[in-house]
Amino acid sequence: MSDMATLVDMPAVKTGPSQAIIDCASGTVGGVVQVLVGQPFDTVKVRLQTQSTTHPVYSGMVDCARQIRMKEGLGGFYKGTMTPLVGIGACVSIQFVVLESMKRAFAGNKNDPLTNTQLYLAGAASGVANSVVSGPVEHIRTRLQVQTGPNGYKGPLDCIKHIYGAHGLTGLYKGQGMTVIREFQGYGAYFLAYEWLVQRSMERSQRKRSDLPAWEVCAYGASAGYAMWLTVYPMDIIKSKLQTDGFDKENQKYRSALDCARKIMAVEGLGGFFRGIGVCLLRAAPTNAATFMGFELAMRMFSS
């Protein structure tokens, strides 16, 4: 899931198609930085989420990271990285287009300030639109991340080829229903939290948005990341389990998202819905700080 947020009211902002291109290009830079910084954390998270409950391979996030490093080297932390790197440009572009369109539609001709509900819905809409790309991208990445032996997919393209050849588009979009729900709530909470923090800071200090220091913007982005993950993590658990489950009915552990939730509750209790959350929250701060730093530097460079 991308943790991208928009920085609006930047200095020397152009208008029209040229600004949209700059926004998309800057967002792509921020997204690529986000993937490179966050991928090792995400790999540990996914393995903790999807490991067997009866015969767990890892005792915790530190043990998981240690075993990956010993058995697979540093490259083990970056399994499946190429897929999100390739797809991140499309994801972020969709987010920007939908988010800004929704904000303009809510503001109307009077350009009124948006309410918290409108900010939430604008972010939620961008998440749903983004899921069209993020769903299969995360599916491929997740399957590659859980591979630990020599047998399996040779890479993202091989994975796509095999899944599409055997199961078509439906196979690539496995777990899509839960992905859409997660993106709706996640991006709604993310953009609402970010905008609320920015607006409170502007009111308190009487500064313009463009005058906020970089460290403050990064801190708000990290806080928004926490708001997102704390509200969607159980959904992310279910999504990961569904996406790494078998394709054929005879090989499937879960018949649906609801069945998956019931079985998690029955076997692991409430704690099962938060397995691996420690590494996820640990990931939020540096990943979002790097994302915003990349976005700001790219924005300034492309706008000059």
Side-chain angles (χ1 to χ4, degrees), residues 1-7 23-49 61-62 64-69 72-96 127 130 133-134 137-138 140-142 144-146 155-156 182-183 186-187 189-191 193-194 197 213-230 232-233 236 240 276-302:
M1 182 180 186
S2 170
D3 299 334
M4 196 65 222
T6 54
L7 289 177
D23 287 343
C24 290
S26 301
T28 300
V29 171
V32 168
V33 173
Q34 178 191 107
V35 171
L36 293 176
V37 173
Q39 182 74 0
F41 296 95
D42 195 67
T43 297
V44 174
K45 172 183 75 80
V46 169
R47 292 202 182 182
L48 291 174
Q49 286 179 334
M61 65 177 179
V62 175
C64 181
R66 182 181 62 81
Q67 289 198 44
I68 292 173
R69 177 67 180 87
E72 305 170 56
L74 291 177
F77 292 102
Y78 284 92
K79 282 188 174 180
T81 302
M82 187 56 63
T83 310
L85 280 178
V86 171
I88 199 67
C91 289
V92 175
S93 296
I94 292 170
Q95 289 170 30
F96 272 98
N130 171 66
V133 177
S134 68
V137 165
E138 290 201 13
I140 299 303
R141 176 171 67 172
T142 299
L144 292 173
Q145 284 176 323
V146 298
R182 187 199 67 171
E183 301 286 62
Y187 278 102
Y190 188 91
F191 285 109
Y194 178 76
L197 289 168
W215 70 265
E216 197 168 330
V217 172
C218 290
Y220 295 156
S223 299
Y226 291 134
M228 175 175 65
W229 282 110
L230 287 172
V232 303
Y233 197 79
D236 191 65
S240 293
I277 194 172
V279 69
C280 181
L281 296 179
L282 188 64
R283 167 187 181 271
T287 299
N288 280 278
T291 301
F292 277 89
M293 187 178 301
F295 181 88
E296 283 197 271
L297 291 176
M299 193 74 165
R300 293 168 185 171
M301 181 181 71
F302 294 145

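Every heavy atom of this structure was used, including side-chain atoms; hydrogens, water molecules and symmetry mates were not.
With a 4.5 Å cut-off on side-chain heavy atoms, Ile277 and Trp229 do not count as touching. The shortest distance between side-chain heavy atoms of Val35 and Asp42 does not fall below 4.5 Å. Between Arg141 and Val46, the closest side-chain pair of non-hydrogen atoms is not below 4.5 Å. Inter-residue side-chain proximity for Arg47 and Lys79 is flagged as met; some heavy-atom pair is nearer than 4.5 Å.
Side chain of Tyr194 to backbone of Gly225: no donor-acceptor contact under 3.5 angstrom is found.
Nearest heavy-atom pair, Ala65 versus Phe77, reported as atom, atom and distance to 0.1 Å: O-CZ, 3.3 Å. Nearest heavy-atom pair across Thr142 and Ser240 is CG2-O, 4.4 Å. Nearest heavy atoms, Pro40 versus Leu36: CD-O, 3.9 Å. Closest approach of Leu197 to Ser223, counting heavy atoms only: CD1-CB, 3.6 Å. The two residues Tyr226 and Leu281 make their nearest non-hydrogen contact at CE2-O, 3.1 Å. The two residues Ala224 and Ala193 have their closest heavy-atom pair at CA-CB, 4.1 Å.
How far CD of Glu138 is from CD of Gln145: 9.0 Å, rounded to the nearest 0.5 Å. Once rounded to the nearest 0.5 Å, the distance linking CD1 of Ile68 with CZ of Arg66 reads 11.0 Å.
Test Arg182, Gln49, Lys45 against Tyr233 for side-chain hydrogen bond (donor to acceptor under 3.5 Å, both in side chains) and you get one pass: Gln49.
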